[in-house]
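Structure first, commentary second.
Just so it is clear: chains get the letters A, B, ... in the order the sequence lines come, proteins before strands, and each one is counted from 1.
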2 protein chains.
Amino acid sequence: MKDTLIFSEETKLLARFAKALGHPARIEILNYLAKQNTCFTGDIVEIMPLAQATVSQHLKALKEAGLICGTVQPPKVSYCIDQQNWIKAQTILWQLFENGCCKNQCTS
Amino acid sequence: MKDTLIFSEETKLLARFAKALGHPARIEILNYLAKQNTCFTGDIVEIMPLAQATVSQHLKALKEAGLICGTVQPPKVSYCIDQQNWIKAQTILWQLFENGCCKNQCTS
DNA sequence: ATTGTTAATCGCAAATATACGATGATTATT
DNA sequence: AATAATCATCGTATATTTGCGATTAACAAT
C-alpha cells in the first residue's frame, strides 16, 4: 500500500481508530466497557452473539487499535477502555466534524 | 453473517459510518469536502495519491454510507457532504463517547 | 457524426477481515 | 500430578476490501 508513504500520521491515526469502530460487535464491546468499570472476556462473550474465538479476535483488534487494554487476573482477563487513546480518538474525530460542512445541500 | 439478526440498528448504523471513515483516503476526501463548498471528482483525484478508478471507488463507499452525495454537472460530477447524515454520524459517535470511560486505568 | 472530457464501472489480483472449531497456554484447586 | 476454568492462538473457509488498467457511458462542442 502506498498509504504508508503518503497520508499524514494524523489522518492514518484517525482512520485506524475509525476502522476499529467499523464493526457492530466492536461497537457493542466498547459500549459495554464504557458502562462497566471492569469486565472479563467471559462477560463480553456472554452478551455477544458470537463464538468465544471470534470475540477474542475483536478484542485483539480493539487492543491493537489502542482503544482498550487488558490485564490478566488469572484465570481471567479483564479489559477496560484505554483512557488516553479514547480521548485522543474523541479529539481527532471531533476535529474532523468541526471542519464544518458545505453550505449547499445536494439533492441526490 | 449473523449481524443482521442481532445487533441493534443504532449499533449497525454507527458501525457503518465508522467503517466508511476507516480508510485514510476517505478521511482525506471528507476533510477536503468539509473545507470546500463544492468540488468535482477531478479535484479530489488530483490531491490524492491514487488512481482515478480507486478514488471513484472510495467516493462510492462514502456515498453508500450516506456521508456524501453527488450531483452530475456534465461532464463533471460535484460532491458534497450530506449534511443530514453528517450530523447524524456526529451525534451517534458522540453518544458512544459520552458514555464515559472506566475509572480504573489498566497498565498493559 | 465525430471528437474530447469526465467519471463510473468492469475485471482481475492481492491483501484483509470475519467467523468458527480445535488446540494450546496459564493458573487455581484439588 | 491431575483437573477444571478461562482465554488466546492456530488453521481453515469464505467474504470483503483495496488498487489499478481498460473500457464504457454521458454529454458538450465542434
Side-chain angles (χ1 to χ4, degrees), chain A residues 1-7 11-12 15-29 32-33 38-65 67-80 106 108, chain B residues 1-7 11-12 15-29 32-33 38-65 67-80 106 108:
Chain A
M1 288 220 254
K2 289 199 243 169
D3 291 0
T4 322
L5 304 165
I6 295 153
F7 297 107
T11 295
K12 287 190 285 180
R16 204 157 51 185
F17 283 143
K19 195 172 185 180
L21 297 177
H23 191 288
R26 295 194 290 268
I27 294 286
E28 279 304 308
I29 291 172
Y32 188 72
L33 283 180
T38 288
C39 81
F40 300 111
T41 304
D43 302 333
I44 302 175
V45 171
E46 274 192 16
I47 62 156
M48 207 70 73
L50 296 168
Q52 180 262 321
T54 308
V55 173
S56 199
Q57 257 181 200
H58 284 304
L59 287 169
K60 190 183 176 187
L62 288 169
K63 201 163 49 180
E64 280 173 356
L67 291 175
I68 66 173
C69 50
T71 27
V72 276
Q73 272 173 271
K76 300 188 173 188
V77 176
S78 78
Y79 281 99
C80 72
C106 44
S108 71
Chain B
M1 284 221 253
K2 289 200 245 172
D3 292 0
T4 321
L5 304 167
I6 295 150
F7 297 107
T11 295
K12 286 190 288 181
R16 206 164 57 217
F17 283 143
K19 195 173 183 178
L21 297 177
H23 191 287
R26 294 195 290 269
I27 293 285
E28 278 306 307
I29 291 172
Y32 188 72
L33 283 179
T38 287
C39 82
F40 300 110
T41 305
D43 301 334
I44 302 174
V45 171
E46 273 192 16
I47 61 156
M48 207 70 72
L50 296 168
Q52 180 263 320
T54 307
V55 173
S56 200
Q57 257 179 197
H58 284 303
L59 287 169
K60 189 182 177 188
L62 288 169
K63 201 163 48 180
E64 280 173 355
L67 291 175
I68 65 173
C69 50
T71 26
V72 275
Q73 270 174 274
K76 300 189 173 186
V77 176
S78 78
Y79 282 99
C80 72
C106 43
S108 71

Could you tell me how far apart [X] ([atom1]) and [N] ([atom2]) are, to the nearest whole angstrom?
X: A:L62; N: C:dT18; atom1: CG; atom2: P; value: 11 Å
X: A:I29; N: D:dC7; atom1: CD1; atom2: C1'; value: 14 Å
X: A:L21; N: C:dA17; atom1: CG; atom2: C1'; value: 16 Å
X: B:E46; N: C:dT6; atom1: CD; atom2: C1'; value: 12 Å
X: B:I6; N: C:dT18; atom1: CD1; atom2: P; value: 16 Å
X: A:L59; N: D:dA8; atom1: CG; atom2: P; value: 6 Å
X: A:K60; N: C:dA17; atom1: NZ; atom2: P; value: 11 Å
X: B:D43; N: C:dT5; atom1: CG; atom2: P; value: 17 Å

Under 4.0 Å, heavy atoms only, any strand: does [X] hit a base, just the sugar-phosphate, or nothing?
X: A:T41; value: sugar-phosphate
X: B:T54; value: base
X: A:K63; value: nothing

Heavy-atom closest contact (B:I68 atom, B:L59 atom, distance): CD1-O, 3.6 Å
Closest non-hydrogen atom pair between A:P24 and B:F7, with its separation: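 The answer is CB-CD1, 3.5 Å.
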Kindly indicate whether the side chain of [X], heavy atoms from C-beta on, has any atom under 4.5 Å from the side chain of [Y].
X: A:I47; Y: A:E28; value: no
X: A:I29; Y: A:Y79; value: no
X: B:L50; Y: A:I6; value: no
X: B:R16; Y: B:K12; value: no

Residue whose closest nucleotide on DNA chain C lies nearer the 5' end, B:F40 versus A:R26: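 The answer here is B:F40.
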Position toward the 5' end of DNA chain C (nearest nucleotide), A:G22 or A:A53: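 Final value for this comparison: A:G22.
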Under 4.0 Å protein heavy-atom contact, by nucleotide of nucleotides 23-30 of chain D - B base, S sugar-phosphate only: ----S---
OP1, OP2 of [N] versus side-chain N and O of [X]: anything below 4.0 Å?
X: A:Y79; N: D:dA8; result: yes
X: B:H58; N: D:dG19; result: yes
X: B:K19; N: D:dT17; result: yes

Parallel, tilted or perpendicular: rings of B:H23 and B:H58 (30°, 60°): tilted
Polar pair under 3.5 Å, donor/acceptor by atom type, side chain B:Q57, base C:dA8: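 Checked by distance alone, the answer is no.
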From the options [options], select the nucleotide whose nearest atom is closest to the side chain of [X].
X: A:H23; options: C:dT9, D:dA8, C:dA19; value: C:dA19
X: B:A51; options: C:dA8, C:dG21, D:dC20; value: D:dC20
X: B:K76; options: D:dC20, D:dC7, C:dA7; value: C:dA7

Partners passing side-chain contact (heavy atoms from CB on, under 4.5 Å) against B:Q73 (at least two apart in sequence or in another chain): B:F40, B:S78
